[in-house]
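Note sheet for the following structure.
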Amino acid sequence: MQEYVPSEIESKWQRHWEESGQFDPEMHPERPKFYMLTMLPYPSGDLHIGHWYAMAPSDAYARFLKMRGHEVFFPIGFDAFGLPAENAAIKHNIHPKTWTYQNIERMRGQLRTMGNMFAWKNEVVSCDPDYYKWSQWFFLRMLEMGLAYREYAPVDFCNHCQTTLAREQVWGEERLCERCENPVVKKELNQWKLRITNYVEELLDFSGLEWPEKVKAMQTNWIGRSEGVEFALKVAGHEDCAFRVFTTRPDTVFGMTFCVLAPEHGLVEQITTLKQREAVRAYREAAARKDEIERMAESREKDGVFTGACAINPMNGAEVPIWIADYVMASYGTGAIMAVPAHDERDFIFARKYGLPTPTVIVPEALRGAVPDGDSLEAVLTDKVGSVMVNSPGFDGLRWPQSFDAVATHMEREGFGERQVNYRIRDWLISRQRMWGTPIPVVYCNDCGMQPVPYEQLPVELPDDAQFKPTGESPLKHHQGFLQTTCPQCGGAAERETDTMDTFICSSWYYYGYLAPYWQHGETLSKESLPWDMETMRAWGPVDQYTGGIEHATMHLLYFRFYTKALADMGLLDFREPATRLFNQGTILGEDHEKMSKSRGNVVNPDDLVQRYGSDTVRMYLMFLGPWDAGAPWNPHGIEGASRFLRSVWALGTQEIPVGPSGDADAEQKVRRALHQTIKKVTDDLQHFRFNTAIAALMSFRNQLRSGGERIGSELREEAIRTLLLLLAPLAPHLTEELWQRCCPDSGSVHIQPWPEHDEALAADALVTLVVQVNGKLRDRLEVPTGMGREEVERLALESEKIQPHLSERSVRKVIVVPDRLVNIVV
RNA sequence: GCCCGGAUGGCGGAACUGGUAGACGCAAAGGACUUAAAAUCCUUCGACCCAACGGUCGUGCGGGUUCGAUUCCCGCUCCGGGCACCA
C-alpha cells in the first residue's frame with residue numbers, strides 16, 4: 001500500500017482542474033444555474049485561517065451542488081483599493097499599485113492551495129483601471145439620475161486615517177472608525193454622497209430573500225423607520241415665524257409644556273430675546289465645542305437654555321416656552337421637538353431640572369377617570385398600547401391607535417400638520433481624502449463650476465508616479481499632472497476632484513463584474529455602453545447563495561442591495577435584489593478563545609498547516625469544528641482527528657482485502673443499511689450547511705466499514721468505498737480525486753460524477769431499540785422488529801424481567817407507547 | 001435602556017416536529033505491536049454511591065406544563081453581538 005502524501009497529490013489536481021477548465025461557467029440549458037458567491041478578500045498579502053474558514057465550506061457547497069446537477073459559477077477576485085496599500089507606500093516607499101499586485105500574486109498562490117473550484121478566468125481586481133472605469137461610469141449615471149450629489153455638511157472624520165467616513169463606518173457609542181478603531185470627529189466639508197435614502201422603503205422589504213433574521217433585523221434597525229406626525233408651531237409675537245416638530249406621539253400633544261430646538265437650529269438667533277441672548281450664545285458655543293472634543297466623557301445630563309420666546313400649541317392655543325438643548329439632534333427629524341414631560345423620560349428629566357409643569361394627558365386604560373399625579377421618573381407613562389387620552393378636550397377617552405389617527409387627521413384638516421415617516425439612515429457619504437481609490441470623475445472649472453468628466457474620457461486614471469508624504473495626505477492634491485485639466489464645457493483650465501470613492505463602491509458591484517470579463521482595455525466608453533452582456537447577466541444573475549461575515553450587515557450588505565436597485569433603474573439588471581440566500585459564517589478564534597491577532601500571538605497560519613497536513617485535512621477540520629455559523633476556537637490537537645480520518649480513507653481506498661465477491665449476509669446487510677443511511681444524512685446535512693455532522697456521519701460509516709470489513713464481499717466493499725469517495729468529494733476534493741482515478745479511471749473527475757441517491761427501503765432498520773421507562777425513568781431496553789404493534793410492545797414491556805421489580809406492589813395506571821421509540825409505564 | 005443570539009463532560013460539539021442526553025472528534029488512562037519511538041490497533045472515559053448487580057444526580061439558576069423537558073411556557077443570572085438622548 002502506498003502512503004498518503006497530500007503534497008504529492010494536491011498540487012497535481014489543482015493544476016489539472018484549472019487546466020481542464022472543468023469549473024469554468026458554461027451554460028447548459030438543461031441544468032439549473034447556481035451562482036455561488038463568497039465575499040472577496042482584501043489583498044493584505046497573507047491568507048488568514050479566517051479566509052479558509054469562509055471559503056473552504058463555500059467551496060464544498062459549490063462542489064456538492066455541481067454533483068447534484070447544477071451548473072455552478074463560483075468566482076473569486078480582489079478588493080484591491082484601500083488604505084493599507086498607502087500606508088505601505090509611505091513606510092516602504094513603494095507605489096500602492098506595486099504593493100497591491102505583489103500581494104495579489106502571493107494570495108493567488110495561497111488561494112490555489114485551498115483547491116477551490118474557483119472560476120479563475122473570471123477573476124476581477126478592483127484597482128484595475130478596466131474595472132474602476134465602470135465604477136466611474138456608474139457614478140456618472142447616478143449623477144445624471146440625481147442619485148449622486150455634493151453637499152456641504154457636518155461629516156465624520158477619522159484623524160488617524162485622514163479621511164471622512166460614511167455613517168455606517170462609524171461604530172458604536174464611542175463612534176470609532178471602522179478601519180482603525182480610533183474615535184472620529186465632526187467636520188464641515190463638501191462631500192459626495194449617494195442617495196441610498198431614495199430606496200429606503202424597498203430596502204426594508206426582504207420578501208423573497210432567505211437571509212438570516214439577524215441581518216434583516218440589523219438592517220431594519222439601521223434604517224430606523226418611524227411613523228409620526230410633523231406639525232408647525234407659531235412663535236408668539238412673531239407673526240411670520242414658525243418651526244416644525246416631528247413626533248411619533250401626537251396623542252400626547254395636549255401635554256406639551258415646552259419645546260426644544262437643537263442648538264444649531266436655524267431659528268434660534270431670530271427668536272431669542274435680548275435678555276436671553278448672552279446665555280443662548282454661550283450654550284451654543286459650548287455645545288459646538290462639546291461635539292468636537294469631549295464626546296467620550298459626555299454625560300447624559302440634560303441641560304439647556306430658555307430662548308425667551310414662546311410657541312403656540314396649535315391644538316389648544318396654549319403658549320409654551322421654547323428652549324434650546326443638546327439632547328435634541330439637529331440631524332434627525334426637524335431638529336426640534338414638542339416636549340411632553342409626563343410621557344417622555346428625557347423631557348421629564350429636563351422639566352424637573354427647570355421646574356416646568358408635567359401634566360398627565362394619557363392614563364392606563366384600567367385607571368380611566370382617576371388621573372395619577374405622575375411626579376416621578378418611574379411614573380412616566382410611555383406605553384402606547386393600553387393608554388387612553390385624558391385632559392385633551394375633544395379627544396378624551398381615545399385609545400391607541402385611534403388616538404394617533406384622530407389627532408393626525410385633525411392636524412391635517414386644520415392644515416398645520418401631516419403624517420410623516422422619518423428614517424435614521426443617512427445618505428451614503430462616498431468621498432475619501434485618500435489616493436488609493438477610484439477617482440471621482442468630475443472637474444471644477446472657475447467659470448462653469450463642477451463638470452462631470454465625459455464618458456468618452458473614462459477612466460480617470462490614478463498616476464503611477466505619486467509622491468507619498470509622511471503626513472498621510474493624499475498625493476493627488478499635489479500631483480500637477482493629475483490635478484490640472486481642461487473643462488469639458490468651456491475648454492478652459494480646470495482642476496480635478498482629488499477625493500476618491502469609498503472602497504465599498506468597488507464591492508457594491510463586483511459580483512456583476514465577475515460576469516463581465518469582456519471589458520476591453522482601451523475601449524472608449526459612452527453613455528450607451530453596457531458593462532456586461534445582458535444575456536449572460538440574465539442567465540446567471542442574481543447570486544443564488546452568498547456567504548460572508550456578519551460584520552458587513554449594515555455596510556457592504558446594505559450598499560450591495562442599494563447598487564442592485566440603482567443598476568436595475570439604469571436598465572442594466574432585470575432583478576432588484578443581488579442575492580437570494582445569505583449565510584453568515586462565524587469567526588474562528590485563537591486557541592485561547594480570543595479573537596486572533598498578531599499582538600495576542602494566537603494567529604494560526606494556514607500555509608504551515610497545509611504543508612504539514614495537506615489542504616484536505618485543513619478543510620475537513622475547519623468544517624468539523626462545529627456549526628459553520630457559530631465559529632469556534634482553534635484546537636491545535638484537534639486537526640489530528642481530521643488527519644487520521646483521511647489517512648484511514650486512504651487506507652480503505654488503497655488496501656487490497658482478499659475476499660470473495662460476496663460475504664456474510666448479516667454483515668452485508670448492516671453495511672448496506674449504514675451506507676444508505678449515510679447517503680441520506682450527508683445529503684441532508686450538506687444541503688443545510690451542516691458540514692460538522694456530515695463529517696461525523698462519514699466517520700461513523702468509516703468505523704462500521706472497518707469493523708465489518710473482512711466479513712463483506714468485494715462487490716459491496718467496492719460499492720461502499722466508491723460511495724464514500726463521492727460523499728467525501730466536496731469536502732476533501734484532492735484525496736477523493738486521486739482515489740477515484742485509481743478505482744474508476746475511465747469515468748472522469750470525481751467532481752463531475754452524479755451525487756449518490758439513497759434507497760429508503762435499504763436504509764430502513766429491521767430492528768429498533770425500544771426504551772422502557774417506569775414513571776419516565778429508563779429501566780430497560782428491548783430489541784424489537786421495526787413496526788411492532790402497540791399491544792405487543794406493551795405486553796413485552798410489562799413482561800420484562802427488569803421491569804417486573806418496579807411494578808410490584810404498585811398498580812399500572814397508564815401505559816404510553818410511542819411506536820419504534822419507547823414505552824412509558826405510569827404506576 | 002431596547003433588539004437579537006448563546007450557555008450541554010477536561011475540550012470542540014451531537015440530539016429529527018417533547019421520547020435512550022453526551023453522536024463524532026480531541027485530550028487523558030490502560031493494553032497490543034515494536035529493541036525503542038512514531039504511526040496503527042484494542043479497551044475505558046459526566047459526577048457520586050457500590051465488591052458487583054445496580055442505584056442516585058446531571059444540559060447556566062428558580063418555578064411551571066407534561067406520562068416524559070437540553071427541547072415548550074414564566075421569572076432570573078452570566079456571556080457575545082447590534083442599536084441608543086432618534087423625539
Side-chain angles (χ1 to χ4, degrees), chain A residues 3 171-173 212-222 224-226 228-230 245-249 252 260 262 298-302 325-329 331-340 343-347 349-350 422-424 550-551 553-554 586-587 589 591 593 620-621 624-627 629-642 644-645 647-648 651 681 684 690 692-703 706-707 768-781 802 805 813-818 820-827:
Chain A
E3 212 177 316
W171 279 6
E173 194 177 5
E213 290 304 320
K214 178 163 186 170
V215 174
K216 292 194 274 184
M218 282 170 75
Q219 292 201 348
T220 304
N221 203 340
W222 185 260
R225 182 183 201 275
S226 61
V229 170
E230 194 179 299
V245 297
F246 173 74
T247 180
T248 55
R249 298 302 303 274
T252 65
V260 186
E298 187 183 11
S299 67
R300 286 284 147 86
E301 181 77 11
K302 280 173 190 48
D326 64 2
Y327 82 90
V328 173
M329 308 286 118
S331 56
Y332 185 78
T334 60
I337 60 158
M338 68 168 195
V340 183
H343 307 297
D344 183 287
E345 289 178 4
R346 295 154 303 181
D347 297 346
I349 293 167
F350 193 85
N422 253 314
Y423 304 90
R424 216 177 56 92
I550 185 97
E551 65 274 17
T554 55
T587 317
L589 302 171
E591 203 182 330
H593 290 55
M620 288 287 286
Y621 181 52
F624 183 64
L625 276 174
D629 57 352
W634 179 261
N635 175 350
H637 301 293
I639 194 167
E640 292 290 346
R644 270 174 217 152
F645 173 62
R647 284 202 300 268
S648 70
K681 172 79 177 147
D684 188 48
R690 293 190 295 249
N692 56 329
T693 48
I695 292 171
L698 289 167
M699 286 174 166
S700 289
F701 182 58
R702 180 269 322 252
N703 292 345
R706 258 198 317 205
S707 59
V768 285
T769 307
L770 200 70
V771 170
V772 186
Q773 299 178 333
V774 178
N775 284 350
K777 289 199 180 196
L778 178 78
R779 297 299 175 188
D780 195 13
R781 294 187 169 100
K802 289 185 183 165
R813 289 228 315 262
K814 199 169 160 191
V815 179
I816 289 143
V817 178
V818 182
D820 295 341
R821 271 274 154 86
L822 93 169
V823 183
N824 190 8
I825 303 164
V826 187
V827 296

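Here is how names work: the chains are called A, B, and so on, in the same order as the sequence lines, proteins then strands, and each is numbered from 1.
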C1'-based separation of U59(B) from A15(B) [nearest Å]: 11 Å
P gap between U71(B) and G63(B), integer Å: 15 Å
Test: R690(A) and D684(A) ion pair at under 4.0 Å: yes
Of V771(A) and A632(A), the one whose closest RNA chain B nucleotide lies more 5': A632(A)
N or O in side chain of R706(A) less than 4.0 angstrom from C41(B) OP1/OP2: yes
Phosphate-side-chain proximity, N221(A) and A84(B), N/O vs OP1/OP2 below 4.0 Å: no
C24(B) phosphate, OP1 or OP2, under 4.0 Å from R702(A) side-chain N/O: no
K814(A) side-chain N/O to C67(B) phosphate OP1/OP2 under 4.0 Å: yes
Any N692(A) side-chain nitrogen or oxygen under 4.0 Å from OP1 or OP2 of A14(B): yes
R644(A) side-chain N/O to U40(B) phosphate OP1/OP2 under 4.0 Å: yes
Atom P, compared across C83(B) and G25(B): separation rounded to whole Å: 41 Å
Separation between the P atoms of U35(B) and C49(B), rounded to whole Å: 43 Å
Distance between P atoms of A38(B) and C33(B) (Å, rounded): 15 Å
Contact nearer the 5' end of RNA chain B, comparing I816(A) with M338(A): I816(A)
Rounded distance in Å between the C1' positions of A32(B) and A47(B): 31 Å
N or O in side chain of K777(A) less than 4.0 angstrom from C57(B) OP1/OP2: yes
Phosphate OP1/OP2 of G68(B): any R821(A) side-chain N/O under 4.0 Å: no
C1' spacing across the pair G10(B) / C4(B), given as an integer number of angstrom: 32 Å
Residue pair D347(A) / I337(A), side-chain heavy-atom distance below 4.5 Å: yes
Identity of whatever pairs with C41(B) - Watson-Crick or G-U, under 3.5 angstrom: G31(B)
H593(A) side chain near C11(B) phosphate (N/O to OP1/OP2, under 4.0 Å): no
Spacing of L698(A) atom CG and M620(A) atom CE [to the nearest 0.5 Å]: 6.5 Å
Parallel, tilted or perpendicular, as decided by the 30° and 60° cut-offs, for the rings of F246(A) and Y332(A): perpendicular
Nearest-angstrom distance, C1' atom, G81(B) to G68(B): 36 Å
Rounded distance (nearest 0.5 Å) linking atom CZ of R821(A) with atom CG of L770(A): 10.5 Å
CG on D780(A) to OG1 on T769(A), rounded to 0.5 Å: 11.0 Å
Value in whole Å for how far the P atom of A87(B) lies from CG of D347(A): 12 Å
Phosphate-side-chain proximity, R779(A) and G55(B), N/O vs OP1/OP2 below 4.0 Å: yes
Glycosidic class, syn or anti, of G9(B) using a 90° window around 0: syn
Phosphate contact (C24(B) OP1 or OP2) by T693(A) side-chain N/O below 4.0 Å: no
